[in-house]
There are 2 protein chains.
Amino acid sequence: MTSTVSPQPLPPGEPRWLDVEEQKAWRAWLYSAQLLLDRLDRDLTHRTGISHAYYEILVALSETPERMMRMSELADRCLSSRSRLSHAVSRLEERGWVRRQVCAEDGRGQLAVLTEEGFAALEGAAPVHVEGVRRELFDRLSPEQVAGMRDLGETLLRHLDPQRVHPSD
Amino acid sequence: MTSTVSPQPLPPGEPRWLDVEEQKAWRAWLYSAQLLLDRLDRDLTHRTGISHAYYEILVALSETPERMMRMSELADRCLSSRSRLSHAVSRLEERGWVRRQVCAEDGRGQLAVLTEEGFAALEGAAPVHVEGVRRELFDRLSPEQVAGMRDLGETLLRHLDPQRVHPSD
DNA sequence: GTAGCGTAGTTGAGCGTTGAACTATTCCGC
DNA sequence: GCGGAATAGTTCAACGCTCAACTACGCTAC
């Protein structure tokens, strides 16, 4: 919240307030999302020393053939600003889990490379992460609810970030 | 991520990895949740100067008969730690939107009180907030999807925070 | 009434995020 | 090739959050 408020007024007319049912749906979604993200992050952090954000970076790198990725691409994949990713990679570098390497094709670019130590750290954290997701999410839901969750997520994603949703399936 | 890692091993046995369908459901939910929360927060912050977290505090206070609430209760309602809320209320106090008042019944307690200026700020922000929620969420969803969203949220909430889900409806 | 414990809330240090300013390199039109 | 615009990434300062330490008050039992 560093911004000066610049006047960007709403379209005129009475706001379309939420009715009671919409309020309940919105609040249920909001609270459950915040609580779930928070709990998974704390659980992972306390058990492995790796926050969920850092875990995502390690996963992204590990899934690439050479275990390396351009900084910008990595930032996009991790829903991170470039600044944030740059800081995060610096800290992962201090731990010896990632190293930077100048990009051969583009002198402006940097590659983030997952080290063996980083891969080992990821291998240690992955079971903790997946158990958390099962315990807090999948174990609570019926197959129908899981299908609904996916449908909801993909519907929203088509608007929020069309690139990210695979059109094929 | 300030913690030293204390060994809290998983239950033994092979981790229950996610299959492809579960991966897709999980990633769709995760990305959509993160993007939606982020977008709503940025939109509100840039248009009104009030972050989503601060907005929730103002809303909680405004919904109470006397527009005041105990700090702990407010923290619970806003999914906030006491420390975080204490800092946040201090900053809202600097803006003149909230003031602190010692609690008559319990000398240890403090009441956070919404000022007229705070209420006016909330009135200005509320239309921006509701338009954001409509634009990014409800306008994209069918009635069935909204119902599914509520069901999903309430199911998760029953585990994550049973107090918060109303058993009646 | 006072010792000990529990609860309410605040404070401070350290870390992470943000947004803007900055450097370095590449791309494009001429 | 050369000047200007665009792109890639980093850095800095300000702010917010976390965790642990701390103050202050209330509760209970002796």
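Order of the sequence lines sets the chain letters (A, B, ...), proteins ahead of strands, with each chain counted from 1.
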| message | With salt bridge (Lys or Arg N to Asp or Glu O under 4.0 Å) as the rule and sequence neighbours excluded, what pairs involving residues 57-66 of chain A come up? | response | E63(A)-R77(A)
| message | Ring-plane angle category for Y55(B) and H52(B), please: parallel below 30°, perpendicular beyond 60°, tilted otherwise. | response | tilted
| task | Report the hydrophobic cluster partners of V113(B), with the cluster defined as I, L, V, M, F, W, Y residues connected by side-chain heavy atoms closer than 4.5 angstrom, directly or transitively. | result | M68(B), L111(B)
| said: Between C1' on dT11(D) and CZ on R91(A), what's the gap in Å once rounded to a whole number? | reply: 13 Å
| query | Does S90(A) have any side chain to side chain contact (heavy atoms under 4.5 Å, CB included) partners at least two apart in sequence or in another chain, and if so, which? | reply | R100(A)
| Does Q23(A) have any side chain to side chain contact (heavy atoms under 4.5 Å, CB included) partners at least two apart in sequence or in another chain, and if so, which? | L18(A), R27(A)
| said: What is the separation between atom CZ on R84(A) and atom C1' on dT11(D), rounded to the nearest whole Å? | reply: 18 Å
| field | S81(A) side chain, from C-beta outward: closest of dT18(C), dT18(D), dT10(C) | value | dT18(C)
| request: Send over the distance from I57(A) CD1 to dG16(C) P, rounded to a whole Å. | output: 11 Å
Polar-atom pairs under 3.5 Å, protein N or O versus N or O of nucleotides 1-4 of chain C: list them with distances, or write none.
none

| Can you name the side chain to side chain contact (heavy atoms under 4.5 Å, CB included) partners of D151(A), sequence neighbours left out? | T155(A), Q145(B)
| note | Sequence neighbours excluded, the answer for ring pair (Phe, Tyr, Trp, His ring centres under 6.0 Å) partners of F138(A) is none
| Is there a donor N/O on one and an acceptor N/O on the other, under 3.5 Å, for the side chain of H46(B) and the base of dG19(C)? | no
| task | Please name all residues satisfying side chain to side chain contact (heavy atoms under 4.5 Å, CB included) with H159(B), sequence neighbours left out, ordered by chain then number. | result | R39(A), E136(A), R140(A)
| Spacing between L79(A) atom CG and dG16(C) atom P, to the nearest angstrom | 19 Å
| note | Residues passing the salt bridge (Lys or Arg N to Asp or Glu O under 4.0 Å) test with R91(A), sequence neighbours excluded, are none
| task | Any chance you could lay out the side chain to side chain donor-acceptor pair (under 3.5 Å) test for W17(A) and E14(A), step after step, and finish with the verdict? | result | CA-CA 8 Å; W17(A) 300 114; E14(A) 183 67 11; 3.2 Å; yes
| field | Which nucleotide in dG16(C), dT11(D), dT18(D) has an atom nearest any side-chain atom of Y54(A) | value | dG16(C)
| said: Expressed as a whole number of angstroms, how long is the span from M69(B):CE to dA8(C):P? | reply: 15 Å
| query | For the base of dT17(C), is there a side-chain donor-acceptor partner from S83(A) under 3.5 Å away? | reply | no
| request: Only one of V89(A), V98(A), L92(A) passes side chain to side chain contact (heavy atoms under 4.5 Å, CB included) with L61(A); say which it is. | output: V98(A)
| remark: The correct set of residues in residues 30-41 of chain A placing a heavy atom under 4.0 Å from DNA chain C is none
| query | Taking atom P of dG16(C) as reference, at what distance in whole Å does atom CZ of R42(A) sit? | reply | 15 Å
| query | Can you find a donor-acceptor pair, distance only, under 3.5 Å between H87(A) side chain and dC15(C) base? | reply | no
| Tell me: CZ of R82(A) to P of dA20(C), nearest whole Å? | 15 Å
| query | dT18(D) P sits how many Å from H52(A) NE2, rounded? | reply | 16 Å
Check nucleotides 21-26 of chain C against the protein and report each pair of N or O atoms closer than 3.5 Å, with its distance, or say if there are none.
{"residue": "dT26(C)", "atom": "OP1", "partner": "G107(A)", "partner atom": "N", "Å": "2.9"}
{"residue": "dT26(C)", "atom": "O4'", "partner": "R108(A)", "partner atom": "NE", "Å": "3.4"}

| When Ile, Leu, Val, Met, Phe, Trp and Tyr are grouped by side-chain heavy atoms lying under 4.5 Å apart, directly or through other members, which residues fall in the same group as V102(A)? | none
